Amino acid sequence: MKESYFPQEIEKRWQEVWERNNVFHTPDNSDKPKYYALSMFPYPSGKLHMGHVRNYTITDVIARFKKMQGYNVLHPMGWDSFGLPAENAAMKHGADPAKWTDENIAYMTKQLKMLGLSYDWQREVTTCKPDYYKWTQWLFIQLFKKGLAYKKEAAVNWCENCGTVLANEQVIDGKCWRCDSVVEKKYLSQWFFKITDYAERLLDDLDKLDGWGDNVKTMQANWIGKSQGAILRFKVKEAEGLEVPVYTTRPDTVHGITYLVVAPEYKDIEKLTTPENKAAVEEYRANARKMTEIERLSTERVKTGVPLGTHCINPYTGEEFPLWTADYALVEYGTGAVMAVPAHDTRDFDFAKKYNLPLKVVIQNPENPSDCKDGAYTEEGVLVNSNEFNGMKNTEAKQAITQKAVDGGFGEFKTQYRLRDWLISRQRYWGAPIPVVYCDKCGIVPEKEENLPVMLPTDVDFSVVGKSPITTSKTFAETTCPVCGGKARREMDTMDTFVCSSWYYMRYSDPKNTELPFSKELVDKWLPVDQYVGGIEHAILHLLYSRFFTKALKDIGLLSFDEPFKNLLTQGMVLKDGSKMSKSKGNTVDPDEIFENYGADTARLFILSDSPPARDFDWSDAGVEGCYKFLNRVWRLVSDNQQNLIKDYKLEFPLTRENDDLARTVHIMIKEITNDISNDFQFNTVISKYRELTNAIYEWRGRKAELNDEDKNVLSFAIITLIKLMSPVTVHMSEEIWHDLGFDGSIHDQMWCKWDDNLAKASKITLVVQVNGKVKDKIEADEGVNDEELKVIALSSAKVKELIAGKEIVKTIVVPKKLVNIVVKG
RNA sequence: GCUCCAGUGGCGGAAUCGGUAGACGCGUUGGACUUAAAAUCCAAUCGGGGUUCUCCCUCGGUGCCAGUUCAAGUCUGGCCUGGAGCACCA
């Protein structure tokens with residue numbers, strides 16, 4: 001064994017050996033129980049960043065730990081390789097997106113291998129390859145046949161910079177999730193997936209996800225945005241037969257309506273406008289169209305609106321109230337019309353105040369009635385001015401008042417969701433073509449399954465502006481109708497990359513299948529994913545879409561489970577100097593440099609060491625240095641003692657006191673490290689325990705000049721156990737030492753260390769003695785003493801005697817093997 | 001505005017059940033080794049006060065204020081601060 005630690009040489013050598021020996025291949029057939037550990041697959045942007053390193057190291061350690069615990073572990077990797085950056089590179093540098101992507105994948109694969117990750121590369125999937133997107137297209141057709149994929153004209157989010165539409169989930173604060181430019185609304189005909197059909201199940205099943213953090217679950221629940229209320233229809237006084245339906249969660253306030261607002265885009269708005277008001281209304285609507293989403297949805301903005309000149313009749317009171325249009329009503333939510341109750345809604349209150357509209361109190365707090373002149377009363381209360389409902393609690397009145405509408409035929413109970421259907425078509429080239437054709441005779445028709453994949457054309461011109469490069473292909477558009485065989489045109493839009501990533505974790509179970517996206521048998525064998533690890537930024541996007549896909553594919557009969565990810569770990573960001581690493585800030589750290597200077601084991605150790613996985617991690621050069629020093633320290637411990645180490649060590653109890661203590665420390669560390677990994681993957685404390693054990697061995701060794709046989713056996717036990725415990729993290733160094741000690745085979749095929757409960761505790765305990773809850777003394781005692789004896793020991797303390805002299809002992813509390821608290825009075 | 005998460009030394013953080021607050025590391029300071037440096041090793045490191053002063057004693061301390069308890073970083077109620085998500089969603 002070399003005296004010094006040379007990670008670069010060691011790491012390269014073992015990576016080659018592992019690859020040659022196929023060490024990380026996962027067989028489908030095994031007697032062992034399965035475990036599926038998965039990192040969110042990356043976009044092949046060119047180079048790994050530290051966020052990747054953190055993500056993949058966490059999952060890798062989990063996978064290796066589970067493997068050593070006797071599981072057949074599936075730990076695959078792949079590429080989310082469709083998407084705009086490849087296309088942008090093509091437009092900028094004239095590169096072929098496929099080639100650009102392949103080169104990035106090749107480089108990043110090399111980096112992943114340098115990190116020592118235990119992937120089964122035989123299961124690699126790449127979403128931009130025809131053998132993958134063929135099945136994305138096939139799945140689209142299955143959803144289409146089920147009525148879950150459809151095309152409609154709608155107001156959609158348009159990013160001018162990216163030249164494509166976006167899903168609601170991809171608009172962050174009114175801006176494009178990818179390029180940060182302001183998103184506009186456009187009316188276009190687009191493809192959607194009917195995720196709203198699953199709103200209820202997506203919400204309810206969150207309760208089943210015990211292994212997910214509450215933060216992610218609440219974010220999804222908020223996004224789905226369920227609310228319960230009523231639809232109420234109001235007759236229009238000036239137009240016979242015309243009604244305006246509203247959605248409200250506050251039917252209890254219906255007697256307090258003093259006006260009604262429709263969105264500027266409301267479908268019947270022209271019919272509801274009188275000739276005198278037409279000009280003003282038109283102008284208002286034109287202005288609303290010009291505004292960006294951000295301007296329009298700002299809650300800071302003063303509310304504006306104009307009257308339409310018409311009136312509705314309140315069926316509960318017979319009162320008439322005016323109709324207005326105002327842009328605080330949203331056409332996409334509910335019915336696009338809002339009943340306004342200024343006394344009990346802050347928004348309505350603001351609006352009514354500005355335009356001098358009347359206010360009618362219908363709910364009061366009996367203890368503290370308010371006239372609502374200074375603000376809306378939105379708390380619970382009792383109904384007033386509400387005819388037969390007077391005196392009723394408002395929470396009960398919701399039910400009763402809606403029931404009256406149902407009985408009277410002018411309303412019904414209604415559950416409303418905020419979630420909108422998922423817009424999946426993109427006007428871009430580098431994506432999976434939507435496999436449908438347009439036929440003049442047959443309409444919209446899916447491509448025949450045997451004709452899949454619909455290949456992306458390669459005869460395209462990337463220099464075009466204002467339209468998708470795919471439209472420049474001379475060969476792509478023209479096709480024949482799969483039904484009638486006549487002339488037809490292909491759909492030119494491609495699918496959102498989030499469609500590709502909604503099912504990739506299923507493909508890993510059966511990556512080479514040419515008949516189906518995956519066989520039911522294999523997908524049901526491997527899934528759901530036991531542990532999914534990735535960034536919080538996908539809390540809604542990818543994780544919601546994948547849950548929808550899983551439920552839809554289950555309903556289609558392709559699989560038997562209905563939640564894809566049993567446990568989810570959302571790792572924190574990697575920071576440097578307190579802010580997120582980013583190229584624009586210039587505070588990035590290049591993984592390649594770390595590999596070169598310190599080796600992958602140091603990088604792996606450090607990225608896990610300072611913070612628990614879910615928290616943000618602040619990168620520090622001193623921290624890396626510290627981890628590198630620690631590995632040197634471990635290396636030296638082994639190399640200095642190599643002649644004393646016995647491969648087949650044996651411990652024969654009883655041992656001498658010092659040796660017994662060291663052996664116990666080792667057992668305690670096995671127990672605690674195992675528990676720390678099992679319990680939420682607390683790798684930071686795991687690593688502090690590696691250090692504690694190393695320190696303990698050094699300290700023990702420092703007290704011995706010469707080693708006898710027993711010493712050598714105990715030392716061997718301690719060091720070999722340390723190396724094994726470290727092996728999931730410091731994968732190369734552990735393997736190297738393992739072989740230097742004369743073992744055959746890979747350390748990564750060894751079973752995880754076991755502890756003995758009788759030994760995983762110190763032989764002596766420190767008894768804490770409290771008087772009235774304050775620590776007053778600490779006394780060493782034998783591990784085996786019972787509670788009564790502990791009391792006696794505590795009372796024998798000189799300090800305690802002094803403190804309780806002349807006082808009455810009220811009671812004595814004993815915590816077994818730990819603490820005695822003497823409560824005294826006087 | 002609503003929802004969720006967090007708040008512990010100079011810093012990252014530790015502390016299954018309520019039971020020794022500050023593990024482990026970083027940093028800092030002092031020392032050993034060295035011609036010197038690097039590397040390595042050893043020691044100290046929450047604050048105030050006391051003292052017979054390398055020992056030791058005492059009081060306070062986990063964002064703030066109450067409460068429950070023999071005992072609270074941990075449980076309950078009410079705040080404050082920071083972060084994240086949602087947001088004219090009727």
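By convention in this document, chain letters (A, B, ...) are assigned in the order of the sequence lines, proteins followed by strands, and residues within each chain are numbered from 1. None of the values given here were measured: they were computed from a predicted structure.
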Say we look at [N] and [M]: how far apart would their [atom1] atoms be, to the nearest angstrom?
N	M	atom1	result
C24(B)	A14(B)	P	14 Å
U28(B)	G12(B)	C1'	16 Å
U58(B)	C2(B)	C1'	50 Å
G7(B)	C75(B)	P	11 Å
U68(B)	U76(B)	P	16 Å
C11(B)	C64(B)	P	15 Å
G27(B)	G18(B)	C1'	34 Å
G61(B)	G47(B)	C1'	8 Å

Roughly, in whole Å, what's the span from [atom1] in [X] to [atom2] in [N]?
X	N	atom1	atom2	value
Asn222(A)	A84(B)	CG	P	16 Å
Lys354(A)	C88(B)	NZ	P	18 Å
Ile765(A)	G19(B)	CD1	C1'	13 Å
Ile224(A)	C2(B)	CD1	P	22 Å
Lys226(A)	A90(B)	NZ	P	14 Å
Lys774(A)	C59(B)	NZ	C1'	9 Å
Ile172(A)	G85(B)	CD1	C1'	10 Å
Leu569(A)	C5(B)	CG	C1'	15 Å

Query raised in the report: When the ring centroid of Tyr259(A) is compared with that of Tyr355(A), is the distance short of 6.0 Å?
Result: no
Query raised in the report: Quick check, are the ring centers of Phe498(A) and Trp422(A) under 6.0 angstrom apart?
Result: no
Looking at the side chain of [X], which of [options] is the nearest nucleotide?
X	options	value
Trp223(A)	C86(B), C4(B), A90(B)	C86(B)
Asp214(A)	A90(B), C5(B), G27(B)	C5(B)
Leu819(A)	C88(B), G19(B), C24(B)	G19(B)
Met219(A)	C88(B), G85(B), G19(B)	G85(B)
Gln770(A)	A90(B), G27(B), G19(B)	G19(B)

Would you mind classifying the nucleic acid contact of [X] as base, sugar-phosphate or nothing, using non-hydrogen atoms under 4.0 angstrom?
X	answer
Val768(A)	base
Val338(A)	base
Asp348(A)	nothing
Ala539(A)	nothing

Report summary line: Stems field, RNA chain B, Watson-Crick or wobble, 3.5 Å, at least 3 pairs, by first number, holds B:1-7 with B:80-86, B:10-12 with B:24-26, B:27-32 with B:40-45, B:46-50 with B:56-60, B:63-67 with B:75-79
Query raised in the report: Is Lys226(A) salt-bridged to Glu200(A), going by a charged N under 4.0 Å from an acidic O?
Result: yes
Requested in this report: Pick out which of Asp204(A), Leu203(A), Ile195(A) makes a side-chain contact (heavy atoms from CB on, under 4.5 Å) with Ile224(A).
Outcome: Leu203(A)
Query raised in the report: So which of Ile779(A), Val814(A), Val815(A) actually passes side-chain contact (heavy atoms from CB on, under 4.5 Å) with Leu790(A)?
Result: Val814(A)
Query raised in the report: Would you call the rings of Tyr5(A) and Tyr628(A) parallel, tilted or perpendicular, where under 30° means parallel and over 60° means perpendicular?
Result: tilted
Query raised in the report: When you check the phosphate oxygens OP1 and OP2 of A87(B), does a side-chain N or O of Arg418(A) lie under 4.0 Å from one of them?
Result: yes
**Report entry** side-chain N/O Tyr328(A) vs A90(B) OP1/OP2, d < 4.0 Å
**Finding:** no
**Report entry** Upstream residue (5' side of RNA chain B) when Val216(A) and Gly334(A) are each assigned their closest nucleotide
**Finding:** Val216(A)
Requested in this report: Assign each of Lys776(A) and Met339(A) to its nearest nucleotide of RNA chain B by heavy atoms, then name whichever residue's nucleotide is nearer the 5' end.
Outcome: Lys776(A)
Please list every donor-acceptor pair under 3.5 Å in which a side-chain atom of residues 763-774 of chain A meets a protein atom from a residue at least two apart or in another chain.
{"residue": "Lys764(A)", "atom": "NZ", "partner": "Asp782(A)", "partner atom": "OD1", "Å": "2.9"}
{"residue": "Asn772(A)", "atom": "OD1", "partner": "Val824(A)", "partner atom": "N", "Å": "2.9"}

Could you go over nucleotides 39-50 of chain B and give all protein N or O partners under 3.5 Å, atom names and distances?
{"residue": "C41(B)", "atom": "OP1", "partner": "Arg633(A)", "partner atom": "NH1", "Å": "2.8"}

Report summary line: side chain to side chain donor-acceptor pair (under 3.5 Å) test vs Tyr328(A) passes for just one of Asp350(A), Thr304(A), Asp348(A), namely Asp348(A)
Grab the N/O contacts between the protein and nucleotides 6-17 of chain B below 3.5 Å, and write none if there aren't any.
{"residue": "G12(B)", "atom": "O2'", "partner": "Asp610(A)", "partner atom": "O", "Å": "3.0"}
{"residue": "G13(B)", "atom": "O3'", "partner": "Asn684(A)", "partner atom": "ND2", "Å": "3.3"}
{"residue": "A14(B)", "atom": "OP1", "partner": "Asn684(A)", "partner atom": "ND2", "Å": "3.1"}
{"residue": "A14(B)", "atom": "OP2", "partner": "Arg615(A)", "partner atom": "NH2", "Å": "3.2"}
{"residue": "A15(B)", "atom": "OP1", "partner": "Gln682(A)", "partner atom": "OE1", "Å": "3.2"}

Requested in this report: Please evaluate the base of C70(B) for a donor-acceptor partner in the side chain of Asn821(A) within a cut-off of under 3.5 Å?
Outcome: yes
**Report entry** Greater than 12 external heavy atoms within 6.0 Å of Lys353(A)'s NZ
**Finding:** no
Query raised in the report: Is the number of heavy atoms from other residues, nucleotides or ligands within 6.0 Å of CG (Asp680(A)) greater than 12?
Result: no
**Report entry** Set of ring pair (Phe, Tyr, Trp, His ring centres under 6.0 Å) partners for Trp619(A), sequence neighbours left out
**Finding:** Phe606(A)
Enumerate all atom pairs, one protein N or O and one N or O from nucleotides 53-57 of chain B, separated by less than 3.5 Å.
{"residue": "C57(B)", "atom": "OP1", "partner": "Lys799(A)", "partner atom": "NZ", "Å": "3.3"}

